[in-house]
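See structure below.
Along the sequence shown, the residues carry numbers beginning at 1.
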Amino acid sequence: MITVGEAEPSDIDALVELESALFVEDAGQYDPFSDPTWPAREGRKDFEDLIGSPDAIVLAARRGNDVVGLLVGYATQASPTRQPVEYGILRTMYVAKDARRHGAAVMLTERFLEWACERGCAEAHVDHYADNIAAGALYEQCGFSARSI
């Protein structure tokens, strides 16, 4: 059984490992200019800052005591060319291969959307590689719609 909750500082090693896998599997496949070593170099500090930020949410999907998925989201103000509202941005989401197809990605995304709604965000945004058809289908299933490519 998989559960989802806010990540703790003690989860950071597992989060870095999952984010490293994401960089290899996703960006490494779809973006020739991505740096797959970034999580190993900068991930710990990034997660420490995010877990302590009032404007971010870091979620962990757990199977028993193991962290098998992560989601990072944050809130930001709209650009000066848009109405002055706050947006929720789903920055990163990944589920380990052996934990997929058990609802973790949907649970992570739904919890992020609840958080954004509780904050009063006007919209929630997510970017994904256009060639990552599975990501697009997941986000559409969770209520996102393509706005620009």
Side-chain angles (χ1 to χ4, degrees), residues 1-79 85-144 147:
M1 178 175 158
I2 293 181
T3 60
V4 169
E6 291 199 35
E8 302 288 332
S10 60
D11 297 326
I12 290 177
D13 288 341
L15 298 173
V16 169
E17 185 176 321
L18 288 167
E19 191 168 59
S20 293
L22 169 65
F23 269 61
V24 169
E25 182 179 327
D26 194 44
Q29 180 176 350
Y30 301 114
D31 183 354
F33 300 108
S34 71
D35 179 0
T37 67
W38 185 89
R41 284 192 335 272
E42 305 291 337
R44 172 167 284 289
K45 171 85 168 87
D46 186 47
F47 282 116
E48 287 170 353
D49 292 344
L50 290 165
I51 288 174
S53 172
D55 294 323
I57 186 166
V58 180
L59 298 171
R62 299 175 194 285
R63 183 173 51 204
N65 292 326
D66 297 329
V67 177
V68 296
L70 75 104
L71 183 145
V72 175
Y74 63 92
T76 189
Q77 296 297 313
S79 73
V85 296
E86 189 173 72
Y87 295 100
I89 306 293
L90 193 163
R91 184 190 93 171
T92 304
M93 202 259 297
Y94 183 78
V95 176
K97 287 183 180 184
D98 68 344
R100 293 180 187 167
R101 306 281 183 232
H102 296 284
V106 170
M107 288 188 287
L108 286 163
T109 305
E110 287 176 347
R111 179 62 194 106
F112 163 73
L113 292 171
E114 289 171 9
W115 173 83
C117 186
E118 290 166 4
R119 282 188 63 93
C121 291
E123 292 181 333
H125 297 197
V126 63
D127 290 334
H128 70 87
Y129 294 105
D131 286 340
N132 188 337
I133 304 303
L138 168 74
Y139 293 131
E140 187 175 301
Q141 174 187 346
C142 291
F144 288 92
R147 192 182 271 173

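- In this structure, Ile89 and Tyr74 have side chains that are in contact, with non-hydrogen atoms separated by less than 4.5 Å.
- Using a 4.5 Å cut-off on side-chain heavy atoms (C-beta onward), Glu6 and Leu59 make contact.
- The two atoms that bring Ile2 and Ala61 nearest to each other are CG2-CB, 4.1 Å, heavy atoms only.
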Quiz item: What's the verdict on side-chain contact (heavy atoms from CB on, under 4.5 Å) for Ser20 and Val24, showing C-alpha distance, side-chain angles and the deciding distance?
Solution: CA-CA 6 Å; Ser20 293; Val24 169; 5.9 Å; no
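- For Leu70 against Glu19, the heavy-atom pair with the smallest separation is CD2-N, 3.7 Å.
- Taking OG1 from Thr37 and CD from Glu42, the interatomic distance works out to 9.0 Å, rounded to the nearest 0.5 Å.
- A distance of 6.5 Å separates NE2 of His102 from CZ of Arg63, quoted to the nearest 0.5 Å.
- Two residues are said to be in side-chain contact when any heavy atoms from C-beta on lie closer than 4.5 Å; Leu138 and Met93 meet this criterion.
- Here the side chains of Asp35 and Phe23 are not in contact, with every heavy-atom distance at 4.5 Å or above.
- When side chains are defined from C-beta on, Leu71 does not count as touching Val4, because their heavy atoms never get closer than 4.5 Å.
- Summarising the geometry of Val16 relative to Gly43, their closest heavy-atom pair is CG2-C, 3.7 Å, with the distance given to 0.1 Å.
- Contact check for Tyr30 versus Asp26: side-chain heavy atoms found under the 4.5 Å cut-off.
- Contact of the Ile12 side chain with the Ile51 side chain is registered, since non-hydrogen atoms from C-beta on lie closer than 4.5 Å.
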Quiz prompt | Derivation of the side-chain contact (heavy atoms from CB on, under 4.5 Å) call for Gln29 and Tyr129 | solution = CA-CA 10 Å; Gln29 180 176 350; Tyr129 294 105; over 6 Å; no
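- Gly69 and Leu18 make their closest contact through N-CD1, 3.6 Å (heavy atoms, listed as atom of the first residue, atom of the second, distance).
- Using a 4.5 Å heavy-atom cutoff, the side chains of Trp38 and Asp46 are in contact.
- Between Glu48 and Lys45 there is no salt bridge, since no side-chain nitrogen of the basic residue lies less than 4.0 Å from a carboxylate oxygen of the acidic one.
- Atom OH of Tyr87 sits about 14.5 Å away from atom CZ of Arg119, to the nearest 0.5 Å.
- Between Thr92 atom OG1 and Leu15 atom CG the span is 10.5 Å, to the nearest 0.5 Å.
- Considering every non-hydrogen atom in both Val72 and Phe47, the closest pair reads CG2-CE2, 3.7 Å.
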Practice problem: Take Thr109 and Phe144 through the side-chain contact (heavy atoms from CB on, under 4.5 Å) test and state the conclusion after the steps. | Solution: CA-CA 10 Å; Thr109 305; Phe144 288 92; 3.9 Å; yes
